[in-house]
Peer 1: 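The following block contains the structure, expressed as structure tokens.
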Amino acid sequence: MASPAPPQQIDPMPASQTTTANHPQSTQPPPPQTTMIRPAALHEANILHTAFFGYPLQSTPSSTNSSSSATSTPSRTKNERLCIGGHRETIFGSSFSSDGKYLATASQDSTVRIWEVNTNRLVATLSEGMDGKFECLRVGWMAARDGNGGNVGLNDGEKYLLASAGADGVVRLWSACQSEDDDKLEWKCVGTQSHYEYEQNDNDEEVEPPQIYSMQFIQSKSAPHLNLLLTSANDAVYIWKIENDVQSTNNDNVPNKRLIQPHLFVQFERLDPNSGAYVNQFGGPRNPLNELYVFEASYSECNDLVGAALSDGTCRVVSLANHKNNNTTEEDDEMLDDNNPLQRGQCVLSLPPDYFPEERGGHLTALSWDESGTRLATCIASGRVVLWMIQTVRREDGLSFLHPTCVAVLEGGHDVQRPLFGAKYFGGANEELLLTWGVDGKVCVWDSYSVGGVTNPLCTLISHSNYPIYALDFVEKASNAKEHADGMIRTVKSHIAIGGGSDGGFLGVPAYLYDV
């Protein structure tokens with residue numbers, strides 16, 4: 001069998017360049033703390049709190065660093081629904097379909113389960129080709145996009161396209177079509193790609209399959225005509241092209257077969273100690289060799305940037321932009337074409353290890369972009385969240401570079417020294433809020449535009465001490481505006497889902513749904 005064609009590699013910028021005036025690294029602590037809660041953030045937090053508990057926040061905190069902040073969590077939520085009778089082990093991934101009709105969950109039991117959101121009923125179990133020895137870690141839906149001829153990426157008769165990935169290093173694509181006999185969806189595995197084939201080993205030693213910690217369907221401005229899938233494994237971020245496999249579809253009589261082809265990848269390296277970069281080494285019994293890992297990668301469509309949260313405590317931001325412009329030289333133009341992505345810049349985000357005096361830094365566990373691509377939240381294993389502003393600055397010579405600024409550090413809501421596993425911007429068109437979750441079983445709500453050191457969240461929505469939370473997703477659906485008895489105007493209908501847990505017992509491990 002012929003070796004697979006390698007993807008186009010984006011060589012990360014030498015670390016020595018990331019700390020120059022032209023390609024800066026942000027290492028400055030945030031400014032002094034803010035003293036007021038913004039009304040817009042408090043309004044959105046009250047909407048959430050009312051949906052969860054039936055009443056708004058009992059106090060109006062005047063300071064994000066004040067003990068008057070309403071951070072206590074009532075013992076019971078009024079909008080909680082359980083998805084039970086499915087997974088037998090821990091849930092590591094959750095994702096809503098773009099229309100909000102279905103929730104997909106990925107589990108340690110090596111399956112993907114599909115749930116109908118309105119009824120929280122299990123409607124499908126996907127396990128074809130999965131090895132029971134390896135966990136299923138991530139799951140995600142291709143968003144339906146209106147193109148000139150319909151939904152971009154979906155074939156005629158195809159309702160949904162789902163991707164899953166796990167500890168076996170394999171990405172699988174699942175196609176759903178309407179059954180001819182009833183309204184049920186019929187799911188088929190229509191494509192696979194193994195990262196194992198692309199792991200380099202100069203000694204020809206057998207290596208363990210790379211675990212896939214990130215997966216996201218993307219539509220890059222650099223290649224708008226391609227349907228792409230972003231993944232991460234070990235110290236690299238991969239971007240794959242998804243194409244119809246016409247030959248296999250015709251030969252096997254299986255509709256909607258796909259090819260997952262290499263497009264490009266970014267392999268990160270340790271930063272040069274002389275570069276001035278602050279690196280928080282993640283070693284110990286879990287990583288005795290201090291190897292470099294990408295714990296999460298995420299793409300921002302608005303500005304064509306990929307962010308990666310690494311085990312050395314840094315977040316690397318890489319541009320995928322490759323368009324010709326008036327500022328490129330003739331030599332640059334010869335190198336550039338639509339099929340040869342070229343990195344335009346990279347910046348490194350980190351704070352000095354001694355900024356957190358009671359610990360030696362900490363590895364990053366997750367990151368999240370806002371919709372504008374100018375705000376970024378990074379989660380630290382110690383239970384903190386750092387908020388960044390990413391700006392594109394134009395030099396006098398006309399060339400642009402990325403400039404990161406640390407604007408806030410959030411702490412106090414989650415248990416100290418217990419890892420966070422994610423953050424998402426939430427709350428209306430301006431994303432006024434930030435939701436965070438972690439191994440302590442909590443979901444905390446923060447003002448996403450916080451400035452300075454913040455020691456209390458606006459509120460804590462969920463606190464399940466015996467249910468560590470590894471995954472959270474939400475979907476917002478447009479609805480008619482309606483004024484409720486509390487005087488608040490609801491303009492969207494949202495669902496929030498969490499996944500996690502440990503041993504399932506008789507009923508298995510549930511996923512939780514919340515209606516807002």
Peer 1: Which residues pass the side chain to side chain contact (heavy atoms under 4.5 Å, CB included) test with Val509, not counting sequence neighbours?
Peer 2: Ile91, Tyr467
Peer 1: Tell me if a side-chain donor or acceptor on Asp440 pairs with a main-chain N or O of Asp415 at a distance below 3.5 Å.
Peer 2: yes
Peer 1: Less than 4.0 Å between a side-chain N and a carboxylate O, is that true for Lys133 and Asp168?
Peer 2: no
Peer 1: Looking at Glu158 and Ser175, would you say the former's side chain and the latter's main chain have a donor-acceptor pair under 3.5 Å?
Peer 2: no
Peer 1: Please check: side-chain N/O of Thr50 versus main-chain N/O of Ile47, any donor-acceptor pairing under 3.5 Å?
Peer 2: no
Peer 1: For Glu80, give me all partners under side chain to side chain contact (heavy atoms under 4.5 Å, CB included), at least two apart in sequence or on another chain.
Peer 2: Thr77, Leu82, His464, Tyr512, Tyr514
Peer 1: Using the side chain to side chain donor-acceptor pair (under 3.5 Å) criterion, which residues pair with Ser298? Sequence neighbours excluded.
Peer 2: none
Peer 1: Taking the six-membered ring for Trp and the full ring for Phe, Tyr or His, determine whether the centres of Phe295 and His363 are under 6.0 Å apart.
Peer 2: yes
Peer 1: Would you please say whether a donor-acceptor pair under 3.5 Å links the side chains of Ser350 and Thr314?
Peer 2: no
Peer 1: Answer yes or no: is there a donor N or O on one side and an acceptor on the other, between the side chain of Thr231 and the main chain of Ser214, under 3.5 Å?
Peer 2: no
Peer 1: OH of Tyr102 to CD1 of Ile114: how many Å apart, nearest 0.5 Å?
Peer 2: 9.5 Å
Peer 1: If you measure only the distance, is there a donor-acceptor pair under 3.5 Å linking the side chains of Asp312 and Tyr293?
Peer 2: no
Peer 1: I need the full list of side chain to side chain donor-acceptor pair (under 3.5 Å) pairs touching residues 364-376, with sequence neighbours left out, sorted by first then second residue.
Peer 2: Asp370-Ser372, Asp370-Arg375, Ser372-Thr374, Arg375-Ser448, Arg375-Tyr449
Peer 1: Would you list the pairs meeting ring-ring contact (aromatic ring centres under 6.0 Å, His included) in which at least one residue belongs to residues 78-99, sequence neighbours left out?
Peer 2: Phe92-Tyr470
Peer 1: Judged by modelled atom types alone, do Gln211 and Tyr213 share a side-chain donor-acceptor pair under 3.5 Å?
Peer 2: yes
Peer 1: Determine, stepwise, if the pair Gln178 / Leu185 fulfils side-chain contact (heavy atoms from CB on, under 4.5 Å).
Peer 2: CA-CA 5 Å; Gln178 203 81 44; Leu185 294 176; 4.0 Å; yes
Peer 1: Within this structure, what is the OG-NZ distance for the pair Ser179 and Lys184, rounded to the nearest 0.5 Å?
Peer 2: 8.5 Å
Peer 1: Quick one: pull up CG in Asn303 and NZ in Lys221 and give me the separation to the nearest 0.5 Å.
Peer 2: 7.0 Å
Peer 1: Going from SG on Cys444 to CG on Leu461, what distance comes out if it is rounded to the nearest 0.5 angstrom?
Peer 2: 8.5 Å
Peer 1: Say you draw a straight line from SG of Cys177 to CG of Asn256; how long is it, rounded to the nearest 0.5 Å?
Peer 2: 4.5 Å
Peer 1: Any side-chain donor paired with an acceptor under 3.5 Å for Asp304 and Ser220?
Peer 2: yes
Peer 1: Using a 3.5 Å distance criterion without hydrogens, assess whether the side chain of Asn79 forms a donor-acceptor pair with backbone atoms of Asp515.
Peer 2: yes
Peer 1: Please identify each residue that fulfils salt bridge (Lys or Arg N to Asp or Glu O under 4.0 Å) with Glu116, with sequence neighbours left out.
Peer 2: Arg121
Peer 1: Specify whether Tyr238 and His195 have parallel, tilted or perpendicular ring planes, treating 30° as the upper limit for parallel and 60° as the lower limit for perpendicular.
Peer 2: perpendicular
Peer 1: Can you list everything that forms a salt bridge (Lys or Arg N to Asp or Glu O under 4.0 Å) with Arg138? Sequence neighbours excluded, please.
Peer 2: none
Peer 1: What pairs with Glu432 under salt bridge (Lys or Arg N to Asp or Glu O under 4.0 Å), at least two apart in sequence or on another chain?
Peer 2: Arg38
Peer 1: Is there a donor-acceptor contact under 3.5 Å from the side chain of Ser98 to the main chain of Ala143?
Peer 2: no
Peer 1: Suppose the criterion is salt bridge (Lys or Arg N to Asp or Glu O under 4.0 Å): which pairs have a residue in residues 91-113, not counting sequence neighbours?
Peer 2: Asp109-Arg113
Peer 1: Output all residues satisfying salt bridge (Lys or Arg N to Asp or Glu O under 4.0 Å) with Asp473, sequence neighbours left out; order by chain, then residue number.
Peer 2: Lys424
Peer 1: Quick one: which residue pairs count as a ring-ring contact (aromatic ring centres under 6.0 Å, His included) with a foot in residues 114-142, not counting sequence neighbours?
Peer 2: Trp141-Tyr160, Trp141-Trp187
Peer 1: For the side chain of Gln216 and the backbone of Tyr299, is there at least one donor-acceptor N/O pair under 3.5 Å apart?
Peer 2: yes
Peer 1: Got a sec, which residues hit side chain to side chain contact (heavy atoms under 4.5 Å, CB included) with Ala366, two or more places apart in sequence or on another chain?
Peer 2: Glu296, Cys379
Peer 1: Quick one: CG on Asp245 to CD1 on Ile260, what's the gap to the nearest 0.5 Å?
Peer 2: 10.5 Å
